[in-house]
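For reference, the structure discussed in these notes is given below.
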2 protein chains.
Amino acid sequence: MSEHVTIDKLAEHVGQEVTVKGWLYNRTDKGRLQFLLLRDGTGLVQGVAFKKELSPEAFEAARSITQESSLIATGTVRADERAPGGYELSLSDLQIVQLAQDYPIAPKEHGIDFLMERRHLWLRSTQQWATLRVRATVIRAIRDWLDDHGFVLVDAPILTPAACEGTTTLFETDYFGDKAYLTQSGQLYNEAAIAAFGRTYCFGPTFRAEKSKTRRHLTEFWMVEPEMAYADLDECMRVEEAFVSYIVGRTLEERAEELAILERDTTPLEGIAPPFPRISYDEALMILEEAGESLPWGEDFGAPHETAIAARFDQPVFVHRYPTRCKAFYMEVDPQNPELSLSVDLLAPEGYGEIIGGGQRTADLELLERRIVEHNLPREAFEWYLDLRRYGAVPHAGFGLGVERTVAWICGLHHIRQTIPFPRTLGRIYP
Amino acid sequence: MSEHVTIDKLAEHVGQEVTVKGWLYNRTDKGRLQFLLLRDGTGLVQGVAFKKELSPEAFEAARSITQESSLIATGTVRADERAPGGYELSLSDLQIVQLAQDYPIAPKEHGIDFLMERRHLWLRSTQQWATLRVRATVIRAIRDWLDDHGFVLVDAPILTPAACEGTTTLFETDYFGDKAYLTQSGQLYNEAAIAAFGRTYCFGPTFRAEKSKTRRHLTEFWMVEPEMAYADLDECMRVEEAFVSYIVGRTLEERAEELAILERDTTPLEGIAPPFPRISYDEALMILEEAGESLPWGEDFGAPHETAIAARFDQPVFVHRYPTRCKAFYMEVDPQNPELSLSVDLLAPEGYGEIIGGGQRTADLELLERRIVEHNLPREAFEWYLDLRRYGAVPHAGFGLGVERTVAWICGLHHIRQTIPFPRTLGRIYP
């Protein structure tokens with residue numbers, strides 16, 4: 001057998017005989033000529049089996065192999081402009097590893113429930129493959145940027161004794177006789193970590209037992225949450241715009257092929273760069289009024305509002321200083337106006353909505369104690385969090401970026417369920 | 001105020017006046033001279049406050065500031081061989097941001113329960129700081145190596161409908177009326193992912209509701225699980241030894257200071273390099289017999305056995321081909337001997353025990369169906385997993401590396417509870 005080469009490296013082997021190990025994606029039967037579209041996880045290449053160039057057994061394998069059968073193919077790499085990917089393989093041998101019978105996902109259209117029920121197989125389809133490769137790159141870009149900008153990864157726990165933002169949307173489990181909840185955010189833990197490390201982030205799965213069935217909700221999703229000591233709202237926005245611009249730029253650079261498969265028009269993404277526009281909540285309300293989507297002061301935005309606001313801008317837009325009552329208990333109060341919080345959300349363009357929520361957290365012990373009472377939170381569970389204001393409190397800020405919403409935006413996908421390998425939604429926990 | 005500089009960058013500012021924002025770690029009072037040990041999350045530096053060089057208010061702040069108060073200090077950077085870190089700050093100004101009263105963790109010895117109850121503060125202590133910085137580097141090394149060797153990150157779900165390795169040690173939650181479990185391993189999902197991506201990994205928190213209270217167990221821990229299509233047991237071991245050697249080497253390179261703080265003798269780590277010794281389970285039993293720790297054939301190793309086996313080697317040692325009955329239902333059978341599985345564990349030296357478990361998974365549908373019956377697993381929950389053998393099965397292998405055990409080994413820590421920011425153990429879910 002010739003050297004095993006992955007499809008993404010075929011360009012380095014033009015004129016050589018190599019072996020590819022993978023699966024059959026599609027086949028076109030022209031009698032003495034069989035066109036086999038092969039995939040191995042790194043890409044696609046067309047294998048050409050010409051009857052007179054293979055042994056009778058190998059040609060019979062090429063003629064009879066079915067969709068998604070596993071195979072080992074040997075052939076010579078030829079540059080061919082007409083071929084998908086620019087190269088093809090003139091086959092000299094083909095072995096079927098396992099013959100797949102009646103693979104359920106045909107190249108025809110299937111309904112979303114049919115496909116989600118077969119998510120373990122659907123991942124092999126080109127669009128899903130492309131989306132999840134973009135996801136992997138987005139995640140790498142996130143980690144690299146943070147690691148290279150002085151943020152220390154400090155994993156927050158998943159099993160927690162108390163809710164970060166209310167108790168109605170929590171998954172509960174028995175913890176050796178006590179109640180425990182799946183985390184909705186690592187932020188409170190990040191606030192402990194910054195006093196040890198200065199700048200930190202956590203990055204893991206988070207959970208919301210929400211009964212909402214929208215295109216923007218999953219019950220299990222990944223969130224990265226950076227937090228910074230000695231940082232205010234402005235610094236938070238500066239970090240966010242540099243961070244998001246890097247993620248978009250690096251993904252465009254490394255995943256052009258995948259974005260092309262997804263037919264994503266990348267023009268709007270190519271212009272993403274700091275500074276992002278900054279508008280206040282009050283200014284956002286005026287935009288909504290002009291757009292015929294007015295909202296009473298004090299209410300939070302829904303998806304249509306976010307879309308209407310973002311439609312005014314080519315860049316992601318910061319909306320800052322939401323009413324205190326819209327936001328979580330730990331938000332810092334605006335010294336100019338106590339009804340406002342030093343909060344900021346980042347809305348993606350093109351109708352993709354909020355991708356970041358964050359802002360400055362209060363450093364004040366008494367304010368926090370009052371808020372815990374106002375929000376009916378169990379004080380005992382927050383004693384450790386109050387300690388952070390007793391011992392070396394500092395002005396600090398941070399934010400959470402949702403991975404799936406960011407991937408949906410970059411890929412141009414309407415629904416976030418395709419941006420995670422095995423989505424968990426109101427109606428789905430299988431496979 | 002002068003330019004804000006982090007302590008790890010002071011060397012670039014010798015002779016300049018800079019501002020450091022952080023906390024007081026310790027103070028030595030010499031009357032007109034106050035030695036303040038400052039930390040800001042990136043490192044420690046000694047600030048010297050000489051009465052005649054500060055305003056009366058600033059000197060009073062220096063004289064009265066308490067442990068873990070937050071502060072903003074301005075001073076000139078001076079190289080000083082005697083100073084911790086090699087530099088000191090001749091202070092010209094000091095502002096207290098928040099004065100901490102009676103910080104509970106004094107520089108004296110505290111019991112482990114006292115410290116764990118205050119984990120949110122204990123993180124600031126130098127040894128905890130150093131350990132978690134090593135952890136962050138180990139995780140970055142893991143991801144970089146995999147990303148750079150053709151492995152695609154494909155996150156496995158946390159909420160799962162069925163148990164991977166038995167149901168007795170699962171955390172259960174209600175999923176909108178159905179039962180769901182917190183994952184113990186993403187491996188089964190990885191096996192779906194490799195058919196789409198060739199080589200993949202998942203990396204996230206995993207859970208075991210085990211009632212064991214040992215120095216090697218956490219109920220929540222992080223595991224990285226690479227999986228490879230068209231790979232056998234030998235390939236698995238080659239990848240593991242390259243991977244582990246890289247992680248150790250990069251950590252030594254980037255975290256020498258932290259390992260020195262931990263008083264880790266790095267000599268044994270410096271020699272870690274492929275190839276690692278490979279012994280069979282049967283050979284391991286002979287070693288145990290010689291060591292006076294004999295074990296009947298067919299039983300799995302406990303911690304003392306692992307220590308006795310590893311003591312024979314300077315490198316981590318592979319133990320392969322465990323009895324089928326010791327291992328999970330999906331393990332491939334050794335074609336030479338059906339009572340053996342193509343499994344392999346990697347035992348760390350110096351008594352740190354198993355850090356990797358893995359091996360070749362069976363590609364055979366019928367064998368897998370039989371095993372599911374033998375292991376009393378609910379067949380419906382595994383239908384999707386069986387599909388992977390129906391549609392394009394390939395020889396494949398993979399493994400799981402436990403982050404906390406690896407960090408414990410590299411740091412030379414007896415107990416793994418300090419290798420994770422907020423440990424979850426049988427008796428602890430707070431803070």
Side-chain angles (χ1 to χ4, degrees), chain A residues 6 21 23 40-42 68-70 97-98 100 103 120-121 123-124 129 132-133 136 139-140 143 147 150 152-155 157-159 161 171-173 175-176 178 180 189 192-193 195-198 204-205 220 222 229-230 384 387-388 390-394 420-422 424 426 429-431, chain B residues 6 21 23 40-42 68-70 97-98 100 103 120-121 123-124 129 132-133 136 139-140 143 147 150 152-155 157-159 161 171-173 175-176 178 180 189 192-193 195-198 204-205 220 222 229-230 384 387-388 390-394 420-422 424 426 429-431:
Chain A
T6 53
K21 299 179 178 183
W23 296 266
D40 72 350
T42 73
E68 286 305 323
S69 291
S70 42
V97 177
Q98 189 251 339
Y103 184 69
H120 55 293
L121 304 174
L123 296 175
R124 306 178 189 187
W129 176 86
L132 294 178
R133 281 174 51 109
I139 291 173
R140 191 173 195 189
R143 292 187 178 267
D147 289 340
V152 179
L153 172 69
V154 181
D155 295 303
I158 307 301
L159 293 168
F171 289 108
E172 185 185 308
T173 190
Y175 194 82
F176 307 108
D178 285 331
Y189 293 96
F197 301 94
E220 175 182 323
W222 284 68
Y230 291 100
W384 69 267
D387 273 354
L388 307 177
R390 294 185 183 106
Y391 308 115
V394 299
I420 189 165
F422 295 94
R424 297 316 188 211
L426 184 54
I429 195 179
Y430 178 94
Chain B
T6 52
K21 299 179 178 183
W23 296 266
D40 72 351
T42 72
E68 286 305 322
S69 292
S70 42
V97 176
Q98 190 251 336
Y103 185 70
H120 54 293
L121 304 175
L123 296 175
R124 306 177 188 187
W129 176 87
L132 294 178
R133 280 172 55 106
I139 291 173
R140 190 170 197 194
R143 293 188 177 265
D147 289 340
V152 179
L153 172 69
V154 181
D155 295 304
I158 307 300
L159 293 167
F171 287 108
E172 184 185 309
T173 189
Y175 194 81
F176 306 109
D178 284 332
Y189 293 95
F197 301 94
E220 175 182 323
W222 284 68
Y230 290 102
W384 69 268
D387 274 355
L388 307 176
R390 294 186 183 106
Y391 308 116
V394 299
I420 188 165
F422 296 93
R424 297 319 189 209
L426 183 53
I429 195 180
Y430 179 95

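Throughout, protein chains are lettered first and strands after them, A, B, ... in sequence-line order, and every chain is numbered starting at 1. Quick note: numbers below take in every heavy atom, side chains included, and nothing from hydrogens, waters or symmetry partners.
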Best-contacting candidate, A/Asp147, A/Asp178, A/Leu153, against chain B by heavy atom pairs under 4.5 angstrom: A/Asp147
Contact origin within B/Pro205 toward chain A - heavy atom pairs under 4.5 Å: side chain
Note, A/His120 side chain near B/Leu388 side chain (heavy atom, < 4.5 Å): yes
Heavy-atom proximity to chain B below 4.5 Å, by part of A/Ile420: neither
Under 4.5 Å from a heavy atom of chain B, the part of A/Ala229 involved: side chain
Chain B contact via A/Ile429 - which portion, at a heavy-atom distance below 4.5 Å: both
Distance (rounded to the nearest 0.5 Å) between B/Arg124 CZ and A/Tyr391 OH: 9.5 Å
Largest heavy-atom contact set with chain A, pairs under 4.5 Å, which of B/Ala195, B/Ala100, B/Pro421: B/Ala195
Residue, of A/Val394, A/Thr173, A/Val154, A/Asp155, that accumulates the most heavy atom pairs under 4.5 Å with chain B: A/Asp155
Which atoms of A/Pro157 approach chain B - backbone, side chain, both or neither, heavy atom under 4.5 Å: both
Parallel, tilted or perpendicular, as decided by the 30° and 60° cut-offs, for the rings of B/Phe197 and A/Trp129: parallel
Chain B contact via A/Arg390 - which portion, at a heavy-atom distance below 4.5 Å: backbone
Winner by heavy-atom pair count (cut-off under 4.5 Å) against chain B, out of A/Ser70, A/Ala192, A/Ala180, A/Ser69: A/Ser70
Plane angle bin for A/Phe171 and B/Phe176 - parallel if under 30°, tilted between 30 and 60°, otherwise perpendicular: perpendicular
Non-hydrogen side-chain atoms of A/Asp40 and B/Tyr230 separated by less than 4.5 Å: no
Atom of B/Gln98, atom of A/Ala393 and distance for their closest heavy-atom approach: OE1-N, 2.7 Å
Between CD1 on residue B/Ile158 and CZ on residue A/Phe422, distance to nearest 0.5 Å: 12.5 Å
Chain B contact via A/Leu121 - side chain, backbone, both or neither, heavy atoms under 4.5 Å: side chain
Most chain B-contacting option - heavy-atom pairs closer than 4.5 Å, from A/Gly198, A/Gly392, A/Ala136: A/Gly392
Atom of A/Trp384, atom of B/Pro431 and distance for their closest heavy-atom approach: CG-CB, 3.4 Å
Contact summary for B/Leu123 and A/Ala196, nearest pair of heavy atoms: O-CB, 3.4 Å
Interchain contact, B/Leu159 with chain A, by part (heavy-atom threshold 4.5 Å): both
